[in-house]
Amino acid sequence: MPTPHETEKQHVGPEEADQPPSMSSHDAAPPAAPSRNPCCLCWCCCCSCSWNEERRRAWRVSRENKLQPLPSCEACATPSPEEVRSWAQSFDKLMHSPAGRSVFREFLRTEYSEENMLFWLACEELKAEANQHVVDEKARLIYEDYVSILSPKEVSLDSRVREGINKKMQEPSAHTFDDAQLQIYTLMHRDSYPRFLSSPTYRALLLRGSSQSSSEA
């Protein structure tokens, strides 16, 4: 005969069934520093404090807003034909070009891997931040948006890098995600960049640049 505790576990209400999946032990966020989060000494889902409820709400919003609108291309300077051709010389030149990053991000969106660029950009923004309070908040948001398995924008990281992030999140710094950023940069370089150079998007830019050069000659 089942005990009362077992009977209680068998009944799952409709609200509980709609909750996001549980986090595994190796992907759960690390313990937060007590001085920064006195109400709860861990980031695990078993915590019942209000922060955990905010995390669940953030997960739902993140799931609904996975496909964020791209910034207006009118805000980006039109790349010159020389700049467009330089993107084929190296991935570094593409990523150091604001227009190149915008075009490459649009390409990644067609491959459903836009989160890689978004994560890389978020890490760049974090590294430029000097205010520790802002660093703490931005690091937490990056973790929730791109590292947590609860997020639909989770990036692909190996276990070693994840464990390192979990330890560093106890005392976040502007360089907490450096290893992860490098891993995603390498992934985009080896996997997406060659396809980008062969894509209709890039070929069209090259043709437009060639036509522009011919008309100016």
Side-chain angles (χ1 to χ4, degrees), residues 16 19-66 68 91-92 95 101 104-105 108 111-193:
E16 296 175 359
Q19 294 297 323
S22 324
M23 295 172 64
S24 61
S25 58
H26 71 279
D27 281 326
S35 60
R36 291 175 183 161
N37 192 6
C39 73
C40 183
L41 299 182
C42 69
W43 282 31
C44 61
C45 288
C46 62
C47 177
S48 60
C49 66
S50 59
W51 184 90
N52 192 52
E53 291 304 315
E54 293 176 1
R55 181 186 180 87
R56 292 177 182 273
R57 286 196 293 271
W59 178 86
R60 294 190 183 97
V61 172
S62 181
R63 177 182 59 183
E64 294 169 358
N65 297 336
K66 181 176 181 181
Q68 303 172 2
F91 186 57
D92 287 343
M95 293 294 284
R101 290 194 300 268
F104 186 54
R105 177 185 167 185
L108 291 177
E111 292 202 332
Y112 304 99
S113 58
E114 181 190 14
E115 64 274 5
N116 290 332
M117 176 63 80
L118 294 175
F119 172 70
W120 188 87
L121 291 171
C123 291
E124 287 293 289
E125 183 179 331
L126 177 67
K127 288 192 293 187
E129 184 56 60
N131 184 304
Q132 185 58 48
H133 177 74
V134 178
V135 166
D136 289 350
E137 180 63 15
K138 286 187 176 181
R140 181 179 67 84
L141 292 175
I142 290 174
Y143 188 97
E144 291 179 351
D145 285 344
Y146 304 108
V147 180
S148 171
I149 62 171
L150 296 181
S151 174
K153 296 184 292 185
E154 177 195 6
V155 296
S156 179
L157 301 171
D158 63 35
S159 59
R160 177 189 63 82
V161 171
R162 284 181 177 275
E163 290 172 4
I165 291 175
N166 287 343
K167 292 177 182 178
K168 293 175 183 177
M169 282 298 292
Q170 298 178 29
E171 293 288 341
S173 76
H175 299 280
T176 292
F177 301 98
D178 281 3
D179 289 343
Q181 186 186 23
L182 176 59
Q183 190 168 93
I184 295 303
Y185 186 91
T186 302
L187 175 65
M188 290 191 293
H189 183 190
R190 294 178 178 175
D191 187 51
S192 302
Y193 176 59

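Values reported hereafter were calculated over all heavy atoms of this structure, with side chains retained and with hydrogens, waters and symmetry mates removed.
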Polar side chain donor-acceptor pair, D178 to H175, under 3.5 angstrom
yes
Applying side-chain hydrogen bond (donor to acceptor under 3.5 Å, both in side chains), run through N166 and Y143 and close with a yes or a no.
CA-CA 9 Å; N166 287 343; Y143 188 97; 3.0 Å; yes
Quick one: are K127 and Q181 in side-chain contact, heavy atoms under 4.5 Å?
yes
Any carboxylate oxygen within less than 4.0 angstrom of a Lys/Arg side-chain nitrogen, looking at E163 and K167?
no
Output the distance between atom OH (Y193) and atom CE (M188), rounded to the nearest 0.5 Å.
12.5 Å
Check whether any side-chain heavy atom of L157 lies under 4.5 Å from a side-chain heavy atom of I165, and answer yes or no.
yes
Salt-bridge criterion met for D179 and K168 (N-O under 4.0 Å):
yes
Within the distance-only criterion (no hydrogens, no angle test), does the side chain of R105 pair as donor or acceptor with the backbone N or O of E114 below 3.5 angstrom?
no
Quick one: does any side-chain atom of S151 pair with a main-chain N or O of S148 as donor and acceptor, under 3.5 Å?
no
Roughly how far, to the nearest 0.5 Å, is CH2 of W120 from CD of E125?
12.0 Å
For A122 and I142 the tightest heavy-atom approach is O-CD1, 3.6 Å
Please check: side-chain N/O of E111 versus main-chain N/O of S113, any donor-acceptor pairing under 3.5 Å?
no
Would you sort out whether F104 and M117 count as a side chain to side chain contact (heavy atoms under 4.5 Å, CB included), showing the intermediate values?
CA-CA 8 Å; F104 186 54; M117 176 63 80; 3.5 Å; yes
Should E144 and L141 count as side-chain neighbours, where that means a heavy-atom distance under 4.5 Å?
yes
For the CZ atom of R140 and the CG atom of D145, what is their distance to the nearest 0.5 Å?
9.5 Å
Side chain of T176, backbone of P172: donor and acceptor closer than 3.5 Å?
no
Can you see which heavy atom on I184 is nearest to which on S156, and at what distance?
CD1-O, 3.5 Å
Check whether any side-chain heavy atom of D158 sits under 4.5 Å from a side-chain heavy atom of V161, and report yes or no.
yes
Under a 4.5 Å cut-off applied to non-hydrogen side-chain atoms, are R101 and L121 in contact?
yes
Search all heavy atoms of V147 against all heavy atoms of E154 and return the closest pair with its distance.
O-CG, 4.0 Å
Show the nearest heavy-atom pair for residues N131 and E129, with the distance to one decimal.
N-OE2, 3.1 Å
Take F91 and Y185 through the ring-ring contact (aromatic ring centres under 6.0 Å, His included) test and state the conclusion after the steps.
CA-CA 9 Å; F91 186 57; Y185 186 91; 4.9 Å; yes
Go through it in stages, so that I can follow the logic: the residues are M169 and F177, the test is side chain to side chain contact (heavy atoms under 4.5 Å, CB included), and I'd like the CA-CA distance, side-chain angles, deciding distance and then a yes or no.
CA-CA 9 Å; M169 282 298 292; F177 301 98; 4.0 Å; yes
How close do V155 and R162 get, counting heavy atoms only, and between which atoms?
O-NH2, 3.4 Å
